[in-house]
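This report refers to the structure that appears directly beneath it.
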2 protein chains.
Amino acid sequence: MTDHVSPKTITLLGATGSVGESVLSVIAAQPDRFRVHAVVANKSAIKLAKIAIAARASSAVLAEMDELPTLQDALAGTGIHCAAGPEAILEAATWPVDLVVAAIVGAAGIRPTWAALKAGNQIALANKECMVSAGSLFMAEASRQNKPILPMDSEHNAIWQVFDETNKSAIQAVTITASGGPFRTWSQEQIASATPEQALNHPIWDMGSKITIDSASLMNKGLELIEAKYLFGLEVEQLRVLVHPQSIIHGLVHYQDGSVLAQLGCADMRVPVSYCLNWPVRGISPAPKLDFSTISALTFEMPDLDRFPCLGLAYEAMAAGGAATCALNAANEVAVAAFLGGKIPFGGIAHIVDKVLQQTCNETNLAEFDSIDQAVESDRVARDRASQYLVQKQW
Amino acid sequence: MTDHVSPKTITLLGATGSVGESVLSVIAAQPDRFRVHAVVANKSAIKLAKIAIAARASSAVLAEMDELPTLQDALAGTGIHCAAGPEAILEAATWPVDLVVAAIVGAAGIRPTWAALKAGNQIALANKECMVSAGSLFMAEASRQNKPILPMDSEHNAIWQVFDETNKSAIQAVTITASGGPFRTWSQEQIASATPEQALNHPIWDMGSKITIDSASLMNKGLELIEAKYLFGLEVEQLRVLVHPQSIIHGLVHYQDGSVLAQLGCADMRVPVSYCLNWPVRGISPAPKLDFSTISALTFEMPDLDRFPCLGLAYEAMAAGGAATCALNAANEVAVAAFLGGKIPFGGIAHIVDKVLQQTCNETNLAEFDSIDQAVESDRVARDRASQYLVQKQW
């Protein structure tokens, strides 16, 4: 492919994670189209150094100050600029590039993504927490900058690909699909006492452990609904989840004229990643192509809110507002960590989240946040509350 | 819905057929958005008069001169203008309107549609023969007029909805789905001796008898591939058929980045009709909405060219060029009529088409046509050849 445009410059926040890996794979498949500016990670200095060298990045930045010497050693003589610490990450996010991929996992991704956006960089968003904890703020700033946020999550990316913004009033609903996770066919009692090993055994997607647990509880879909609400400016009533165990259809948009548009593809993050990186044109991706001769059937089930209460809690939080979704997410992070640490049963996750959510709805101003500081503080309060319930063994 | 734009004026060629009925139903559901100018039909004077009155049309035009007095009687006192005869139809097609719906069945639709296009009217195309017999001419004229032809067939409409014209080089292939028709699971021998009653028993779509027979032989899909080739400017290698018995997914576009976009909906012509009539905005349609809680599974099978040779013949004709596809279609119309008339077995349809196609490839200039007259003449020659084989009982 000949391409006479200059390469797109990219900063990758979260370079050592599973989304980061997909991003680097897509970039490597179109070396003329992209140039990696900075790669940013939490603490894996050696891994980050290898990535920086392979991607010919200009800079490598770590969150962990202690790891800086290791990073510097590993990059000695390469000419790649090294830095570390939270401030260094925020600074890296503001360096002017064509696209910042926000793929840091969890609430840690909020401030760097915000810094990138405020600096006028376009964001490809793979971090859920920005939308779940501060969706209104991010969308308002993106709109002010006239730099739409590009959804990189497979489900939101799917919806984006078939979402006709110019005919938005004709959109009746959007559907996010769910594989159903490892407990799709389990009873309520079996799920309540599931072990971390069982919950980590995801049938389709290979992801980080936090997200895999969220897939088992369907909290993942709850968070994605909240994300979709902000990303696409939808009402709660327009947001649907459909269990689709084969994970071939990733998202659907229902139009009032009876058409339903969908994006299908192999369950491979490199497909949505390629779409985001190349947008507004389309490029290639190293992902395998969908082969209909190998698909026996696509099946669908309605989600069961009794067996998967986290999904119902997400709807509840979404209806209540930004502080509630922020608390939902924060409490869930704490509860999932406790579950993975063997401190609470699987069923305890929903109980902790429920308690924090009710407390938030009773005690907190539920208006949308005015600042990222407020969002981060609200996140902290909800974490504290969740930790309290853990200490008190209330699950 | 408040709507401050003036209503779209529409001429409906083929008002008494099954597509015409869907068009009138969609128009009736959005009475403020559309105004019917002329309704045109072959010979059902009473039915056409009723339609003209119900749709508040300005004119009603029949092909059959003999039926004019009946039409005039039925419309006496309504102020609706009446006319009849082939010239009257061509004239009606040229009256300036916002959209001419070309829904006359068969080769009879070619000249009126051409007249409408030449006069500068935008065409919503539900007639296959215009593309199959003279696709190059129609596309060139539409391009010259800068009035894109709007595909109304459910499969082409589906593809159109997810076909990114601005990223056309990123399109790898398009897939047209097929229900598989009544003989999907039949053996080659059973199919060869199928009766008209068996062939007319279509599992999904309620259509005219010619099209239903074509669905049973898969010639319908062959003709749709040829249409798609011209409508979307694709290569033969980019055109695929997928058997999908539930007829929920109507068409798919495969992008080189691994995304496959699809349009889904109930098998109801009012969905694509609404899309065409309202384009470039979206309206509503009286068609039922797709309900995923009622879908047990979507399944797929590769088409079997041994049992359905007509599909292979269509690929062959498409590769050969415009005169070949014109001959394929003409021979098929003659053969299907003979089958419906009890003169030949079902298996004879493919044999007649094959013979005419080979004769055309051997004896005819296969270049694309220079004029509609050439296309119509080529169609006539192929019909004569098909009739000869019938007379000689060569099937």
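The chains referred to below are lettered A, B, ... by the order of the sequence lines, with proteins before strands, and numbering in each begins at 1.
Looking only at heavy-atom pairs under 4.5 Å with chain B, the residue among A:S285, A:S274, A:S293, A:G265 that has the most is A:S285. When the candidates A:S169, A:P286, A:G258 are compared by the number of heavy-atom contacts under 4.5 Å with chain B, A:G258 comes out ahead. Most heavy-atom pairs under 4.5 Å with chain A: of the set B:T175, B:N167, B:I248, this distinction falls to B:N167. Each of A:L242, A:N278, A:L290 has some count of heavy-atom pairs under 4.5 Å with chain B, and the biggest count is that of A:L242. Contact count against chain A (heavy-atom pairs under 4.5 Å) is highest for B:A262 among B:A170, B:A262, B:P288. The residue among A:S259, A:A158, A:A297, A:A29 with the most heavy atom pairs within less than 4.5 Å of chain B is A:S259. Considering only heavy-atom pairs separated by less than 4.5 Å from chain B, the leading option among A:L264, A:V26, A:D257 is A:D257.
For B:D291, the CG atom sits in a packed shell: over 12 heavy atoms of surrounding residues, nucleotides or ligands are nearer than 6.0 Å. Shown here is B:E21, whose CD atom has no more than 12 heavy atoms of other residues, nucleotides or ligands within 6.0 Å.
For B:H244, no part lies near chain A; criterion is any non-hydrogen pair under 4.5 Å. Both the backbone and the side chain of B:I295 come within contact range of chain A, with heavy atoms under 4.5 Å apart. Heavy atoms closer than 4.5 Å to chain A are found nowhere in B:I171, neither backbone nor side chain. For B:P280, the part lying near chain A is the backbone, with the side chain staying farther off; criterion is any non-hydrogen pair under 4.5 Å. For A:V281, the parts lying under 4.5 angstrom from a heavy atom of chain B are both the backbone and the side chain. Contact annotation for B:S296: only backbone heavy atoms (N, CA, C, O) come within less than 4.5 Å of a heavy atom of chain A. Both the backbone and the side chain of B:V271 have a heavy atom closer than 4.5 Å to some heavy atom of chain A.
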Evaluate the side chain to side chain contact (heavy atoms under 4.5 Å, CB included) criterion for residues A:L231 and A:I149: first the C-alpha distance (whole Å), next the side-chain angles of each, then the deciding distance (0.1 Å), finally the verdict.
CA-CA 8 Å; A:L231 282 168; A:I149 292 174; 3.9 Å; yes
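Taking 4.5 Å as the limit, some side-chain heavy atom of B:L239 sits within range of a side-chain heavy atom of B:M318.
Formation of a donor-acceptor pair under 3.5 Å by the A:K289 side chain with backbone atoms of B:H254 is not found in this model. Formation of a donor-acceptor pair under 3.5 Å by the B:K221 side chain with backbone atoms of B:T177 is found in this model.
A side-chain donor from one of A:T9 and A:D98 sits under 3.5 Å from a side-chain acceptor of the other. Looking only at atom types and distance, the side chain of B:Q172 has no donor-acceptor partner in the side chain of B:R240 under 3.5 Å away.
Using the six-membered ring where Trp is involved, B:W160 and B:Y275 have ring planes that are perpendicular, over 60° apart on the 30 and 60° scheme.
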